[in-house]
Each structure stands twice: as C-alpha cells, then as structure tokens.
Q: 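The structure's right below; bear with me while I get my questions together.
This one's a predicted model, so the numbers in the text were calculated from it and none came from an experiment. Position 1 is the first residue of the sequence; numbering continues from there.
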Amino acid sequence: MQKIMPCLWYDSQAEQAANFYCSIFKNSKIHHVARYGAEAAKMSGQPVGSVLTVTFQLEGQEFMGLNGGPIFKFTPAISFVTNCETQDEIDSLWSRLLDGGQESQCGWLTDKFGVSWQIVPAMLGKLLSLGEATKSGAMMQALLPMRKLDINALQDAYERG
C-alpha cells in the first residue's frame, strides 16, 4: 500500500469518476469498492448500500474516491500534473478528460467531476530546469496564451529564445 494516497471527495460520483479515469489512463484499475452500511448511511445521509469509497490506481498512483455528499467541492488549488511524452498523448488525454468538462489556459482543464488536471509535455520541466532564462522566457511567452499545449510550438519558442 502506498504511504500517501490522495482522497477525492465527491458528492455521489466516486465510482463513476474512478471508472472514467481508469478508462483513460493505461495501467489503471479499480481495487475495491466499499458501501455504506446502516450506521454510516444514517450519519452521512447517504443511502444504505451506496458507494462509500472506491480505491483505484492510475499509472501506478493510488487514489481513493469518497462519496461524502455536497459539503465540499473541488477547486483548481489542487490539480494533477500529467506529464506526456508526445503530442499524441497530450491530444488524447486532453480530449478524453475534457469530455463534459471545461478547458482553461496553460494546459489546465477541469473534468466533468470538477477535478483539475494539467496536461503538460514532459520536456517542459526539463527545458525549464536548464537555467536558460532567455530561452525559458520565450517558451513561457508561447505557453501562456495556449489552452492545450503544443510541444512543437513550445520547442520552437525555446530554440528561438
């Protein structure tokens, strides 16, 4: 078991979200679904037998989804950075996670469950870490107006910088 596991609080869609994410990411699976018993249902207001938690794995990362009711909502203050090696991977993840969601700037999107994702090329962090301020600045200028990130455009901007 992973020592630290993110827990995502949903109103009542934890199992649907886990299935959605597992259909998108390779090397993913549902581990366990726990259901509300009579006492927990009574305390939470959730129906007896409905999903309490679902544990699942995406690309080796363990998660728990919790159906806790409408008390808390997701915000972009927490997001999942997803490093992609190719433009095809960016395009695929972007379109699939965006289905029913909303795009934002700089490779960010919010999926239909309200969870924020950053779909970014792996090369971005590598180039930024090289310490080439002028080149990094040029690349960031190209990145800022983008919604879905374009590896070739970012690489070109870096090389021109």
Q: Provide the closest heavy-atom pair for Ser12 versus Asn67 in the form atom of the first, atom of the second, distance.
A: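 In this case the closest contact between Ser12 and Asn67 is C-OD1, 3.1 Å.
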Q: Would you confirm whether Thr55, through its side chain, and His32, through its main-chain N or O, come within 3.5 Å as a donor-acceptor pair?
A: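 Side chain of Thr55 to backbone of His32: a pair is present.
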Q: Who passes side chain to side chain donor-acceptor pair (under 3.5 Å) against Gln105, sequence neighbours left out?
A: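 Listed in chain order: nothing, the list is empty.
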Q: Would you kindly confirm whether Ile90 and Leu93 end up in one hydrophobic cluster when ILVMFWY residues are joined by side chain heavy atoms under 4.5 Å apart?
A: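 Same cluster: Ile90 reaches Leu93 through Ile, Leu, Val, Met, Phe, Trp or Tyr contacts under 4.5 Å.
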Q: Rounded to the nearest 0.5 Å, how far does CD1 of Ile4 lie from CD of Gln61?
A: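 Answer for the CD-CD1 pair, Gln61 versus Ile4, is 9.5 Å.
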Q: Side chain to side chain donor-acceptor pair (under 3.5 Å) with Ser28: which residues, sequence neighbours excluded?
A: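 Not a single residue meets the side chain to side chain donor-acceptor pair (under 3.5 Å) criterion with Ser28.
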Q: Tell me whether Ser50 contacts the main-chain N or O of Gln46 through its side chain, where contact means a donor paired with an acceptor under 3.5 Å.
A: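 It does not hold such a pair.
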Q: Counting only N and O atoms by type, is there a donor-acceptor contact under 3.5 Å from the side chain of Glu39 to the main-chain atoms of Gly37?
A: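 Here the side-chain-to-backbone pair does not exist.
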Q: Anything under 3.5 Å between a donor and an acceptor, one on a side chain of residues 152-161, the other on a protein residue two or more places apart or in another chain? List them.
A:
unit_1, atom_1, unit_2, atom_2, d
Gln155, NE2, Glu159, OE2, 2.9

Q: Would a line drawn from the ring center of Phe63 to the ring center of Tyr21 be shorter than 6.0 Å?
A: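 Not under 6.0 Å, so no.
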Q: Which heavy atom in Val51 sits nearest to a heavy atom in Tyr36, and how many Å separate them?
A: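 That would be O-CE1, 3.5 Å.
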Q: Please identify each residue that fulfils side-chain contact (heavy atoms from CB on, under 4.5 Å) with Gln57, with sequence neighbours left out.
A: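 Testing Gln57 for side-chain contact (heavy atoms from CB on, under 4.5 Å), a comparison that skips the adjacent residues, returns Lys29, His31, Glu62.
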Q: Excluding sequence neighbours, so at least two apart, what forms side chain to side chain donor-acceptor pair (under 3.5 Å) with Trp117?
A: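 Trp117 satisfies side chain to side chain donor-acceptor pair (under 3.5 Å) with Asp111 only.
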Q: For Lys148, give me all partners under side chain to side chain donor-acceptor pair (under 3.5 Å), at least two apart in sequence or on another chain.
A: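 Expected list: Asp91.
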Q: Got a second to check how far Gln118's CD is from Asn83's CG, nearest 0.5 Å?
A: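 Separation between the atoms: 9.5 Å.
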Q: May I ask you to decide if Glu89's main-chain N or O and Ser92's side chain share a donor-acceptor pair within less than 3.5 Å?
A: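 Flag not set: sc Ser92 to bb Glu89 has no pair under 3.5 Å.
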Q: Apply the side-chain contact (heavy atoms from CB on, under 4.5 Å) test between Ile119 and each candidate in Val81, Thr82, Leu98; give the one that qualifies.
A: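 For Ile119, the side-chain contact (heavy atoms from CB on, under 4.5 Å) test succeeds with only one of Val81, Thr82, Leu98, which is Thr82.
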Q: Mind checking whether Phe113 and Phe74 have ring centres under 6.0 Å apart?
A: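 They do not qualify: ring centres at least 6.0 Å apart.
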Q: Do the side chain of Trp94 and the main chain of Gly107 share a donor and acceptor less than 3.5 angstrom apart?
A: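 Checking the backbone N and O of Gly107 against the side chain of Trp94, no donor-acceptor pair under 3.5 Å is found.
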